[in-house]
Amino acid sequence: MEGTIRVRFAPSPTGFLHIGGLRTALYNYLFARHHQGGKFILRIEDTDQKRYVEGAEEDVVESLLWCGIEIDEGPGKPGAFGPYRQSERKDLYKEHAQQLIESGHAYYAFDSPEELDQMRERLQKSGNPSPKYDAITRQSMKNSLTLPRDEVEDLLQMGADYVVRLKVPRRENIRFEDEIRGHVSFEAKGLDDQVLLKSDGMPTYHLANVVDDHLMKITHVIRGEEWLSSTPKHILLYRYFGWEPPKMAHLPLIMSPSGGKLSKRKAEEEGIPVNTRAYIEQKFEPEALVNFLAFLGWSPGDDSEIHSLEDLCKLFTLDRVSKGGAVFNYKKLLWYNEHYLREKPDRDLAARAKRIAESRGLSGIDDDYLIQIIPLMKERVSKIEEFITFGKFFFEDPEEYDEKALKKWKENSPDLVKAYRDKIADWEADQFKADRLKSALQEVIDEKEVGFGKLMMPLRIAVTGLGFGPDLFPALELLGKETVLRRIDRALQELG
RNA sequence: GCCGCGUUCGUCUAGGGGUUUAGGACGCCGCCCUUUCACGGCGGUAGCACGGGUUCGAAUCCCGUACGCGGUACCA
């Protein structure tokens with residue numbers, strides 16, 4: 001098995017890449033890279049023309065790339081098993097469906113959607129809560145099993161709409177081994193005669209998936225748990241084609257804090273973006289998202305928490321994937337983000353912060369100035385944009401003063417701040433240094449016989465508009481005398 | 001409803017019959033550091049869903065129940 005591992009991530013291009021999909025992709029990638037020579041394949045399952053969204057495929061590719069997940073084979077990354085878009089493999093599915101019909105494991109069905117509805121309605125009325133097109137009901141439907149042979153021929157000849165359905169055995173216990181869950185078994189009677197080929201000539205997921213996984217020599221199918229209950233159908237298909245099924249691994253779902261699948265509406269109401277795109281746009285550190293997602297349903301088995309993508313590749317095994325759903329913990333993601341942010345060189349952070357600043361209309365920021373801000377702010381930000389938001393005062397005079405901070409602006413504040421202003425007002429520019437600025441403050445509080453904070457906080461508010469932030473004196477130094485005096489004067493005027 | 005899969009601190013998880021007074025992380029709380037806010041350090045809070053078995057011994061194995069989640073489409 002070693003050296004021949006092939007896994008795939010097979011999203012449907014119906015919108016932005018869902019964060020759960022990203023985790024599935026990640027686990028597949030980690031599994032592939034864990035094994036020497038393992039291959040990670042991207043396959044686009046664009047068989048539903050109605051739900052197709054332009055640009056979705058690009059979004060998937062870009063999102064994976066952003067995370068550092070490299071695709072070995074896929075659209076735009078030629079391999080020996082392409083094409084990698086199902087819409088370009090249509091004939092293949094048709095041939096295979098044909099093959100099943102010939103071997104008696106599938107059949108044509110000519111029932112219209114209305115007729116299907118009627119059948120379901122009828123069955124429901126007579127007390128069957130989940131009507132199925134199955135071994136029993138197919139006997140009273142319009143298909144190549146019930147219609148005379150020539151009528152079937154005629155219908156096909158005439159170009160009548162038809163689908164191809166899987167002929168599920170009436171009774172059988174279908175078992176398979178799941179790499180994560182162990183033995184799983186389903187009764188065939190609970191399955192319906194799955195449509196394999198739709199009337200538009202496109203395959204359904206079930207057919208396409210099985211055919212492609214086999215043809216692409218996929219060794220392990222690692223996918224979300226929502227597929228578990230259709231796996232018996234797939235097992236049947238493998239058998240009818242005479243193929244060895246790949247190993248199956250069904251991943252626990254990512255849940256919303258309030259319970260249930262992390263759906264767009266629900267999650268976003270709870271402040272959790274579901275599209276990978278949103279994390280990219282919010283400038284999360286990709287290492288953080290990757291690390292966080294890897295641990296959502298998996299753990300290395302020791303107490304370690306911080307792992308690079310490369311580390312994760314070494315550590316990842318399917319037997320350490322958990323079985324239960326995992327609730328998305330946004331605060332932990334932020335924690336990871338803070339961690340990776342602090343690990344990064346100031347130079348890189350500065351360059352990125354600059355771009356963010358510019359995109360928000362703060363232009364003309366001096367690089368030398370900006371890079372000195374980074375170490376002052378680094379331990380205080382959760383996301384890179386906060387260099388710009390919480391650190392806005394480094395670039396612009398405060399327009400207003402934070403309400404909470406103002407509680408520290410006391411009766412005697414103007415007097416103290418004024419005294420400080422007077423002390424530093426006639427300094428030369430090269431005297432305007434953090435340590436001198438600090439001792440000047442010390443002098444004032446000694447003279448006035450008040451505590452350090454009695455001056456420091458009002459001064460901070462005057463200059464930054466905020467009641468918290470980086471060490472004040474290096475910040476004052478950076479801002480420069482002119483700016484500091486201007487802000488003090490303004491605050492004195494505004495706040496009295 | 002039916003079928004399937006799950007269930008260890010609020011959350012992510014370790015632990016898979018005795019090593020456990022159930023470990024770590026996030027969060028939360030407190031203390032220290034710091035005359036801001038953070039970072040960091042230290043400490044604390046909090047959990048084996050329930051009921052039966054099996055066993056000398058069960059968080060760990062078995063069976064039920066409850067609860068949660070998924071599926072039940074010519075969607076993936």
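Below, chain A is the first sequence line, B the second, and so on; all start at residue 1.
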Counter-base of [N], judged by Watson-Crick or G-U geometry with both distances under 3.5 Å:
| N | result |
| --- | --- |
| B/rU60 | none |
| B/rC42 | B/rG30 |
| B/rU20 | none |
| B/rC69 | B/rG4 |
| B/rC75 | none |

Ring pair (Phe, Tyr, Trp, His ring centres under 6.0 Å) involving [X] - partner list, sequence neighbours excluded:
| X | result |
| --- | --- |
| A/Y279 | A/F284 |
| A/H250 | none |
| A/Y52 | none |

Discussion item. Once you measure the plane-to-plane angle for A/H206 and A/H234, does it fall in the parallel (<30°), tilted (30-60°) or perpendicular (>60°) bin?
Written reply: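 The arrangement is tilted - the two ring planes meet at 30° to 60°.
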
Side chain of [X] - closest among [options]:
| X | options | value |
| --- | --- | --- |
| A/E226 | B/rA25, B/rG71, B/rU35 | B/rG71 |
| A/S322 | B/rC75, B/rG23, B/rU13 | B/rU13 |
| A/P129 | B/rC74, B/rC69, B/rG1 | B/rG1 |
| A/M457 | B/rU36, B/rU35, B/rG70 | B/rU36 |
| A/D303 | B/rG24, B/rA14, B/rG1 | B/rG24 |
| A/S130 | B/rA76, B/rG4, B/rG1 | B/rG1 |
| A/K331 | B/rC26, B/rU36, B/rU13 | B/rC26 |
| A/K261 | B/rG71, B/rC74, B/rU13 | B/rG71 |

Fill in: A/D192 side chain to A/Y133 backbone, donor-acceptor under 3.5 Å
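Looks like no, no N/O pair under 3.5 Å.
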
Practice prompt. Give every residue pair that meets the side-chain hydrogen bond (donor to acceptor under 3.5 Å, both in side chains) criterion with at least one member in residues 447-462 of chain A, sequence neighbours excluded.
Written response: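 Counting only pairs at least two positions apart or across chains, the side-chain hydrogen bond (donor to acceptor under 3.5 Å, both in side chains) contacts touching residues 447-462 of chain A are A/D415-A/K448, A/K423-A/E447.
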
Check the distance between [N]'s [atom2] and [X]'s [atom1] and give it to me in whole angstrom.
| X | N | atom1 | atom2 | value |
| --- | --- | --- | --- | --- |
| A/L191 | B/rC2 | CG | C1' | 13 Å |
| A/R171 | B/rC3 | CZ | C1' | 16 Å |
| A/L293 | B/rU13 | CG | P | 12 Å |
| A/D200 | B/rA73 | CG | P | 18 Å |
| A/K407 | B/rU36 | NZ | C1' | 15 Å |

Practice prompt. For the pair A/R265 and A/E269, evaluate salt bridge (charged side-chain N to carboxylate O under 4.0 Å, His left out) and give the outcome as yes or no after the intermediate values.
Written response: CA-CA 6 Å; A/R265 209 200 79 242; A/E269 264 171 22; 3.4 Å; yes

Worksheet entry | Distance test, side-chain N/O of A/K50 to OP1/OP2 of B/rC75, below 4.0 Å |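 For B/rC75, OP1 or OP2 has a side-chain N or O of A/K50 closer than 4.0 Å.
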
Discussion item. Looking at A/R51, I'd like to know whether one of its side-chain N or O atoms comes within less than 4.0 Å of OP1 or OP2 on B/rC74.
Written reply: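 Checking B/rC74 against A/R51, no side-chain N or O comes under 4.0 Å of OP1 or OP2.
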
N/O-N/O pairs, protein side and nucleotides 37-45 of chain B side, under 3.5 Å:
from, atom 1, to, atom 2, distance (Å)
B/rC37, O2, A/R380, NH1, 2.7
B/rC37, O2, A/G469, O, 3.1
B/rC37, N3, A/R380, NH1, 2.2
B/rA38, O2', A/E379, O, 2.3
B/rC39, O2', A/E379, OE2, 2.7

Atom pairs under 3.5 Å, N or O on each side, protein against nucleotides 6-11 of chain B: can you list them with distances?
none

